[in-house]
Amino acid sequence: MAQHEPLNAQCFVKKEFHPIFVGDNNPQLLYVCKVSPDISSRHPRIMHSHGELVELVLIYSGESDYLIHDKKCTVRAGDLLIYNSGVVHDEMSGPDSLLGFITIAVGGLHMPGLREHALIPDDAGFLFPTGHNFEDIRQLLELMFRNLSEQEPDAEAFCNSLMHALLRKVLTVVQEHTGTMQKEAALSDADEPNILGHRVKDFIDQNYTQPITLQTIAEALHTSPYYMSHVFKEMSGYSPIQYLLRRRIGEAQTLLITTDYSITDIAGMVGYDTQSYFNMQFTKHVGMPPKKFRQNYIVAEKEKQTRVRKPRAKKNENRQ
């Protein structure tokens with residue numbers, strides 16, 4: 001008598017679950033961005049933060065050093081980065097360490113017990129290995145990007161539903177792992193040098209649009225410029241002035257690709273008195289002038305090759 005293999009064709013939902021995206025917690029997908037290693041070299045993004053949104057980044061190839069908040073770390077294929085609003089991050093991939101990654105931005109998050117525009121607690125970390133969850137997360141992101149970039153019917157509604165499923169999976173990853181960076185640094189965060197380093201960072205983040213110098217930072221924090229510079233570089237990998245410059249240029253990049261402000265206006269908004277000096281510093285850090293950087297992103301959007309995002313805001317809307 002012939003034996004038959006079991007079908008294994010049906011699975012049941014065995015556990016009751018409680019929805020977390022209810023009431024005021026109504027996440028909305030804002031954009032999806034897929035960047036291949038060659039694209040990342042042509043469209044480098046440096047130090048910046050995001051306002052009213054949460055950004056998730058899945059690294060699918062390569063390895064590189066990052067500065068996230070106030071910690072240096074190495075990210076590699078399989079890692080998931082979670083940036084709550086306001087988290088400063090510096091993507092430092094270069095010619096020898098190019099990354100491939102997929103990014104989504106989510107607005108409208110108001111998770112129970114957390115501040116607005118935060119997916120996870122601020123002290124939970126930023127860097128999470130996805131392990132066996134990598135393929136599930138990547139496939140969800142790829143499906144979202146393909147539907148939006150190819151303008152499939154009802155792509156926005158479909159992808160927003162996929163985003164809800166993705167966030168559920170991401171929260172599972174977070175529960176399985178503690179933030180690698182924070183776990184390694186927890187014992188030293190309360191040391192006096194680290195406290196000073198955090199104060200320097202906070203001061204620059206709050207005042208980078210102002211004409212500050214190394215001396216004015218030191219005077220504001222009642223410390224010596226030399227000691228302050230040494231401590232901050234040990235913590236971040238940058239001198240205070242290098243950090244200040246990258247902070248300005250990174251925020252200028254965000255304004256260039258998300259608003260219609262003129263380059264002259266943007267130069268003034270991030271702390272430069274003249275557009276010519278801003279152009280020089282931007283080109284030095286990014287590898288191309290601001291006008292070309294903006295044009296490259298616009299072309300990429302029109303060709304549906306690298307980025308799908310909300311339309312750029314009108315100039316008068318951003319002045320309100």
Side-chain angles (χ1 to χ4, degrees), residues 33 35 39-51 53 55 57 64-72 75 81 83 85-95 97-99 101 103 105 200-214 216-217 229 232-233 235-301 306-307 309 312-313 318:
C33 176
V35 178
I39 294 295
S40 69
S41 65
R42 287 187 283 141
H43 298 279
R45 288 299 314 273
I46 61 175
M47 192 177 296
H48 63 286
S49 63
H50 302 285
L53 61 85
E55 190 174 71
V57 183
S64 185
D65 292 330
Y66 268 43
L67 174 68
I68 306 176
H69 187 48
D70 57 2
K71 300 294 188 300
K72 295 176 288 185
V75 301
L81 301 170
Y83 301 133
S85 66
V87 174
V88 177
H89 47 288
D90 197 4
E91 303 160 9
M92 299 185 288
S93 59
S97 57
L98 300 181
L99 293 176
F101 55 89
T103 300
V200 174
K201 177 187 178 300
D202 290 343
F203 183 87
I204 297 174
D205 287 341
Q206 294 168 15
N207 297 281
Y208 69 89
T209 63
Q210 304 302 315
I212 58 177
T213 65
L214 188 64
T216 58
I217 299 172
S229 297
F232 188 76
K233 190 164 187 176
M235 183 186 82
S236 69
Y238 295 122
S239 71
I241 298 304
Q242 287 174 327
Y243 183 90
L244 170 65
L245 293 175
R246 292 184 71 85
R247 191 77 170 87
R248 287 174 170 173
I249 298 301
E251 293 300 330
Q253 287 181 306
T254 298
L255 290 169
L256 285 166
I257 62 179
T258 61
T259 77
D260 285 326
Y261 283 119
S262 70
I263 293 175
T264 300
D265 285 345
I266 291 173
M269 292 167 69
V270 298
Y272 290 96
D273 293 331
T274 65
Q275 181 182 333
S276 60
Y277 187 63
F278 167 68
N279 288 349
M280 182 182 72
Q281 289 293 328
F282 191 97
T283 303
K284 176 182 177 181
H285 285 83
V286 180
M288 66 186 78
K291 183 177 179 180
K292 182 178 180 181
F293 180 83
R294 170 178 269 176
Q295 289 173 338
N296 282 350
Y297 263 89
I298 294 171
V299 169
E301 182 183 359
T306 62
R307 185 176 176 88
R309 59 177 176 79
R312 293 165 65 210
N318 283 274

- Item | Note, Leu81 side chain near Phe101 side chain (heavy atom, < 4.5 Å) | no
- Message: For the CD atom of Gln242 and the NZ atom of Lys233, what is their distance to the nearest 0.5 Å?
- Response: 5.5 Å
- Query: Can you check whether His69 and His89 have ring centres sitting under 6.0 Å from each other?
  - Reply: no
- Message: Looking at every heavy atom in both Ser85 and Gly51, which two are closest together, and how far apart are they?
- Response: CB-O, 2.6 Å
- Task: Mind running side chain to side chain contact (heavy atoms under 4.5 Å, CB included) on Ile263 and Asn279 for me, showing each step along the way?
- Result: CA-CA 9 Å; Ile263 293 175; Asn279 288 349; 3.8 Å; yes
- Query: Where do Arg248 and Val270 come nearest, in terms of heavy atoms and distance?
  - Reply: CG-O, 3.0 Å
- One should read off an interatomic distance between Met280 CE and His285 NE2, to the nearest 0.5 angstrom, of 10.0 Å
- Item | Donor-acceptor under 3.5 Å (Gln253 side chain, Met47 main chain) | no
- Task: Using atom types as modelled and distance alone, determine if a side-chain donor or acceptor of His48 lies under 3.5 Å from a backbone N or O of Ile46.
- Result: yes
- Message: In the structure I gave you, are the side-chain heavy atoms of Phe293 and Ile257 within less than 4.5 Å of one another anywhere?
- Response: yes
- Message: Please find the pair of heavy atoms, one from Tyr238 and one from Asp90, that lie closest to each other, and give the distance.
- Response: OH-OD2, 2.6 Å
- Task: Please answer whether the main-chain N or O of Thr254 pairs with a side-chain N or O of Thr258 as donor and acceptor at a distance below 3.5 Å.
- Result: yes
- Can you list the residues that meet the ring pair (Phe, Tyr, Trp, His ring centres under 6.0 Å) rule with Phe278, with sequence neighbours excluded? Tyr272, Phe282
- Item | Stepwise side chain to side chain contact (heavy atoms under 4.5 Å, CB included) test for Leu67 and Tyr243 | CA-CA 10 Å; Leu67 174 68; Tyr243 183 90; 4.1 Å; yes
- Item | Approximate separation, where rounding is to 0.5 Å, of Ile241 CD1 and Ile204 CD1 | 6.5 Å
- What do the steps show when you test Leu245 against Lys284 for side chain to side chain contact (heavy atoms under 4.5 Å, CB included), and what is the final call? CA-CA 11 Å; Leu245 293 175; Lys284 176 182 177 181; 5.9 Å; no
- Message: Just so I know, are the side chains of Asn207 and Ile217 near enough to count as touching, which here means a heavy-atom distance under 4.5 Å?
- Response: no
- Message: Quick check for you: to the nearest 0.5 Å, what is the distance between Lys71 atom NZ and Met235 atom CE?
- Response: 7.0 Å
- Query: With the threshold set at 4.0 Å, does a side-chain nitrogen-carboxylate oxygen contact exist between Asp205 and Arg247?
  - Reply: yes
- Message: Tell me every residue that passes side chain to side chain donor-acceptor pair (under 3.5 Å) with Thr103, counting only those two or more places apart in sequence or in another chain.
- Response: none
- Query: To the nearest 0.5 Å, how far apart are CD in Gln206 and NZ in Lys201?
  - Reply: 9.0 Å
- Ignoring hydrogens and angles, tell me if any N or O in the side chain of Arg294 forms a donor-acceptor pair with the backbone of Leu256 under 3.5 Å. yes
- Leu214 side chain near Ser229 side chain, heavy-atom distance below 4.5 Å: yes
- Query: Which distance, rounded to the nearest 0.5 Å, do you find between the CG of Asp260 and the CG of Leu255?
  - Reply: 11.5 Å
